[in-house]
Amino acid sequence: MAPRTNSPVSQSEAAPVRRYRIGYAFAPKKEQTFIQPSLLHHASRYGIDFVPISIPVSTATAKTLIEQGPFHCIIHKLYGPHWNQHLKEYSSKYPQTLILDPPESIERLHNRVSMLDVVTAFESKPRQSGDRFQSKISVPKQVLVDHYPEGEEATNLLAGLEFPVIAKPLLANGSAKSHEMCLIFSPKGLRSLLADTDSPILLQQFVNHGGVVFKGYAIGEHVQCVKRRSLPDISEEQVTALEGAMLPFSQISNSANDEHNLAHDPHEMPPLEFVEEVAKGIRVGLKLNFFNFDVIRDSKDPSSYFVIDINYFPGYAKLPNYEHALTDFLLNLLATSSHPQSQNQNQNQKELLQLKEEEAATSLESDVKQHRSHKEE
């Protein structure tokens, strides 16, 4: 038997890693799905401690956000003036704390018109002949209405918009009502819909896309793309047969069996580099780090893609190894931050690198031992 070799530095001899307090504020359901034991364990190994933030109803019954700090960083998915005021007061006391993401950036995603303006901005950038990707990215034609247009108004407002269309509430704040969408197949169906609502409705051109939507998940610069079921293509015969109808649907692409159903789906994923390019445009344009976006590919033109929706802080726990992506993102962000808290980050990065190298060496040593053991047997 060959003599055993020892790792250059044992785990117990590793330099201590500086610890960071990352406060998080989520609704109970979001906290349950996102803050998994696997995330807490992995992040803790690299010096990150996730700390739940309790949201005080009044200072008389609970600690204020300031009293629960300081934090190196706060991640959150809460909305409304009450929470925004807490963040504002906290930031005035601890301006060095990173707030991910700024409420004013998140609020742009609550409006289905303004959320896609960022795509319209970078889609207009002309592509050069030497560009790596010649695929086109754009937004389906869409119109905001709050009443049924008549006469010349209808001609001007609905110009270029062909049925069927998807009718969506203007507000996209994660509520059940914000997911109440439907397909409209004719002006008659649109008239019926608007007769029953007093809220603004966004009409978005329906594009046949093979019944598949590509979801790009972004954590900072890290981007991952998955394929999910979507609305099926609609033929001209179906449009005629369903004239006057309103066909409701709700989050149809979030089926739990999507991965199983799509295992042998023939639709190719878009190039990851292309998805990363789109994600970068959204990230820079909206100043957001946590989001996902829905992309469809035109059945008639495989080089034409459309962004149809953007969501803040999606269900990352459904992605493999999301713990690693989030931990790496937070460490890199804190290391490169200009905030006073990051003055000693270079030393901390060296410690983290050393820890990872030791873990890799230990893993390699274990593999070598296992291989030798099998050979001797």
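Scope of the values below: all heavy atoms of this structure, side chains included, with no hydrogens, waters or symmetry mates.
Atom CD of Glu236 is surrounded by 12 or fewer heavy atoms from other residues, nucleotides or ligands within 6.0 Å.
Proximity of a side-chain donor or acceptor of Arg297 to a complementary backbone N or O of Gly210 within less than 3.5 Å is not detected. For Asp233 (side chain) and His209 (main-chain N/O), a donor-acceptor pair under 3.5 Å exists by modelled atom type. Remark: the backbone N or O of Ala218 is paired with a side-chain donor or acceptor of Tyr316 at under 3.5 angstrom. The backbone N or O of Glu89 lies less than 3.5 Å from a partner atom in the side chain of Ser92, making a donor-acceptor pair. Within the 3.5 Å criterion, the main-chain N or O of Phe26 finds no donor-acceptor partner in the side chain of His76. With hydrogens and angles ignored, the 3.5 Å screen pairs a side-chain donor or acceptor of Gln205 with a backbone N or O of Glu162. Panel note: side chain Tyr90, backbone Thr97; no donor-acceptor pair is recorded below 3.5 Å. With hydrogens and angles ignored, the 3.5 Å screen pairs no side-chain donor or acceptor of Lys227 with any backbone N or O of Val212. Side-chain atoms of Lys93 never come within 3.5 Å of backbone atoms of Gly69 as a donor-acceptor pair (strictly under, hydrogens ignored).
Legend: ring-ring contact (aromatic ring centres under 6.0 Å, His included) pairs involving residues 291-311, not counting sequence neighbours, sorted by first then second residue: Phe274-Tyr305. Among residues at least two apart or in separate chains, side-chain hydrogen bond (donor to acceptor under 3.5 Å, both in side chains) pairs with a member in residues 105-116 are Asn84-Glu107.
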Note to self: Let's go through Asp328 and His222 carefully: what are the C-alpha distance in whole Å and the side-chain angles of both, what is the deciding distance for side-chain contact (heavy atoms from CB on, under 4.5 Å) to 0.1 Å, and is it a yes or a no?
What the structure shows: CA-CA 9 Å; Asp328 290 346; His222 174 83; over 6 Å; no
Margin query: Pair His147, Glu153 - check side-chain contact (heavy atoms from CB on, under 4.5 Å), show working.
Written below: CA-CA 11 Å; His147 65 281; Glu153 182 187 16; 2.9 Å; yes
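Contact record, Cys182 with Pro248: CB-CA, 3.6 Å, taken as the closest heavy-atom pair.
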Atom pairs and distances, side-chain donor-acceptor, residues 33-41, under 3.5 Å, sequence neighbours left out:
| from | atom 1 | to | atom 2 | distance (Å) |
| --- | --- | --- | --- | --- |
| Thr33 | OG1 | Lys29 | O | 3.3 |
| Thr33 | OG1 | Lys30 | O | 3.1 |
| Gln36 | NE2 | Gln32 | O | 3.0 |
| Gln36 | NE2 | Thr33 | O | 2.9 |
| Ser38 | OG | Glu323 | OE2 | 2.6 |

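Under the rule for a salt bridge (charged side-chain N to carboxylate O under 4.0 Å, His left out), the partners of Asp49 that lie at least two apart in sequence or sit in another chain are Arg19.
Leu171 belongs to no multi-residue hydrophobic cluster, having no ILVMFWY side-chain contact under 4.5 Å with any other such residue. When hydrophobic side chains of Ile, Leu, Val, Met, Phe, Trp and Tyr are connected at separations under 4.5 Å, Val284 ends up as a singleton with no cluster partners.
Under 3.5 Å, the side chains of His86 and Gln68 contain no donor-acceptor pair of N or O atoms.
One distance of note links SG of Cys73 with CZ of Phe50; it measures 8.5 Å at 0.5 Å rounding. For the atom pair CG (Leu170) and NZ (Lys168), the distance works out to 11.5 Å, reported to the nearest 0.5 Å.
Taking the side chain as every heavy atom from C-beta outward, Ile234 and Leu242 never approach each other to under 4.5 Å. Counting heavy atoms from C-beta on, the side chains of Phe71 and Arg21 come closer than 4.5 Å. You'll find the side chain of Met246 reaches within 4.5 Å of the side chain of Ile184, heavy atoms only. Counting heavy atoms from C-beta outward, Phe214 and Val226 have side chains that stay 4.5 Å or more apart.
At a threshold of 4.0 Å, the pair Asp301-Lys136 counts as salt-bridged, since one of the basic side-chain nitrogens sits closer than that to a carboxylate oxygen. Under the 4.0 Å criterion applied to side-chain N and carboxylate O atoms, Lys280 and Glu273 are not assigned as salt-bridge partners.
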